[in-house]
Number of protein chains: 2
Amino acid sequence: MNSLLVRFLVVFNRGMSNADRHGLIAKAVRDSGGATVQELAELTGASEMTIRRDLDTLAAQGVLERVRGGARTLLLRGEEPPFALRAHEAVDAKRRIAAEISALIADGESILLDSGTTCLEIARLLRDRPVTVMPLSLQAIHLLGEAPGSATLVVPGGQPRAAEGALTGPLTLASLAALRFDTAVIGCCGLSAADGLTAYDLDDAAVKKASIASARRTIVATDGGKLGRTAYAYVGPSTLLHTLVTDTTAPADEVAALEGAGTIVKTA
Amino acid sequence: MNSLLVRFLVVFNRGMSNADRHGLIAKAVRDSGGATVQELAELTGASEMTIRRDLDTLAAQGVLERVRGGARTLLLRGEEPPFALRAHEAVDAKRRIAAEISALIADGESILLDSGTTCLEIARLLRDRPVTVMPLSLQAIHLLGEAPGSATLVVPGGQPRAAEGALTGPLTLASLAALRFDTAVIGCCGLSAADGLTAYDLDDAAVKKASIASARRTIVATDGGKLGRTAYAYVGPSTLLHTLVTDTTAPADEVAALEGAGTIVKTA
DNA sequence: CCGTAACGAACATCTCTGATGTTCGAAAGT
DNA sequence: ACTTTCGAACATCAGAGATGTTCGTTACGG
């Protein structure tokens, strides 16, 4: 269906940035499960050598798997998509959700910030505000620690998990137990009124649970695709969540059910 | 004395990198306590506009203070030189010390890595070795977390102090109390057989003290200039230190005194 | 209040790094 | 053994950053 669009791109993409091309390649490989170097060269209008270099880069990032002659997707079934891959998608929606959440936070608050791509966008917005932030991912720690904005950074202990750098483990739980926050901003992998909040990973779920317990108020940030879905590890019931910020793709029935259970829902 | 060298540079420095110029400016301002834009332009051979931009950059980094017409040093008396400033100096010696320390560490060890520029170099060397590392500075966490080498990263909790990103505070102490390491690699601000190990900052000293207590073996990394010096905050006696790695500028009498007190001294 | 020096925004120019494509010998698969 | 793929090496190109110049504005000293 979008092959017309692709044709268009092939002709007029002299100014295509390599990030765009990487996204295109990642999408092509993911959608069809695999692709040859030739196909990708034709698709993007780049030379085969460039495609090989791209594939090496993407393979190093864990977005796809390199095979002789082309590349294959890493996603077999139901697994959590790699962080590097998710980072490509739906940046606009995440930005809007992040802006909405930033507006919910008052100056001077202490904030606990979960891992995930959406929360990373939130970190970007909080950097120049007079707040105290404890992020639960290495990426957000980098962001807040490098260019010292007006935000105060507190680093939790922990062991980084996977490419995302989500901090987990006993050190993280101990840091959470030692502190109390005004607001916890949590990402999620699945959320429904029936099954509550769920995550892909047990360690991650334990951290989220402790995060919610350490905060006076909990805000969940998630795109509409996660609503109504249930992932593997159970975190807690939706009644623990004070506010949910999502985008316009959220299914109406699920939103209604969550609102019925007492959660304030905002659509960005 | 080295004004001849400076003259030489003025004439032949078409290919001077801006880092070189920044170092030159920082040194000039530090040595004389202040300098005008004109003086610095003449010294470096760059235009006044470029000098102004440099000064803005260096002021943002906390290396110096901008005043109308020029810049002033931030160092009043006996204070710790800013991290951004120290980072310029003596990179070679730090590299050699780092290499020596890396050689002292066996595969499979768990290592506690202090903050400081020398320890940052050590982190660079440990990244691709099969060891477990808990660094006490944001910079080293970045280094080990970004490009996942073979080293396992453990993040301590804490609050980053100053530009260096040294982690301190109760969260850091709690993380240290919860873990035990094979080796602690410690930097220092002053070390002598008489006054022991000292640091510029009380919080930092508390972290160093706890670090030494959490490790089976303690290695101190420091350039020769710190030996025989005593800084403000006391950490502990030199007898706590198993090995000292320093460079050839170390004063012989101090080295002898430390060896007499039971510390193994290696010169890189 | 005025004059002078300093400042910084805007633009033009330059340099250099990183990205890309081409070629060709080596390696892998059939 | 033959074909395809790979990747190292080199040439080329574009974009980003650095630098310098100009000029209107601002701040300090009288």
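Just so we're on the same page: letters track the sequence lines, and every chain starts at 1.
- Across B:K226 and B:C188, no two heavy atoms sit closer than the pair NZ-O, 3.5 Å.
- Atom pair A:L55:CG and C:dT20:C1' shows a separation of 15 Å (rounding to whole Å applied).
- Look at CZ on A:R21: it is 16 Å from P on C:dG18, rounded to the nearest Å.
- Closest of all the heavy-atom pairs between B:L125 and B:S102 is CD1-CB, 4.0 Å.
- Heavy-atom neighbours of B:R129 CZ from other residues, nucleotides or ligands within 6.0 Å: above the threshold of 12.
- A salt bridge is defined here as a Lys NZ or Arg NE, NH1 or NH2 lying under 4.0 Å from an Asp or Glu carboxylate O, and A:E100 with A:R96 fails to meet this definition.
- When the side-chain nitrogen and oxygen atoms of A:T50 are compared with OP1 and OP2 of C:dT20, none of them lie within a distance under 4.0 Å.
- Between the CE atom of B:M49 and the P atom of D:dA18 there is a distance of 13 Å, given to the nearest Å.
- Here the side chain of A:R68 is nearest to one of D:dT4, D:dG20, C:dT20, namely D:dT4.
- The separation between A:D56 atom CG and D:dT5 atom P is 15 Å, rounded to whole Å.
- A straight line from CG of A:D54 to P of D:dC6 spans 13 Å, rounded to a whole angstrom.
- Atom CD in B:E48 sits about 10 Å away from atom C1' in C:dA5, given to the nearest Å.
- Dashed line: the shortest gap from a side-chain N or O of A:R52 to OP1 or OP2 of D:dA8 is not under 4.0 Å.
- Between the CD1 atom of A:I25 and the P atom of C:dA19 there is a distance of 14 Å, rounded to whole Å.
- The residue among B:Q38 and B:R53 whose nearest nucleotide of DNA chain C lies closer to the 5′ end is B:Q38.
- The side chain of B:V37 lies closest to C:dC7, out of C:dC7, C:dT20, D:dT19.
- When the side-chain nitrogen and oxygen atoms of B:R66 are compared with OP1 and OP2 of C:dC7, one or more of them lie within a distance under 4.0 Å.
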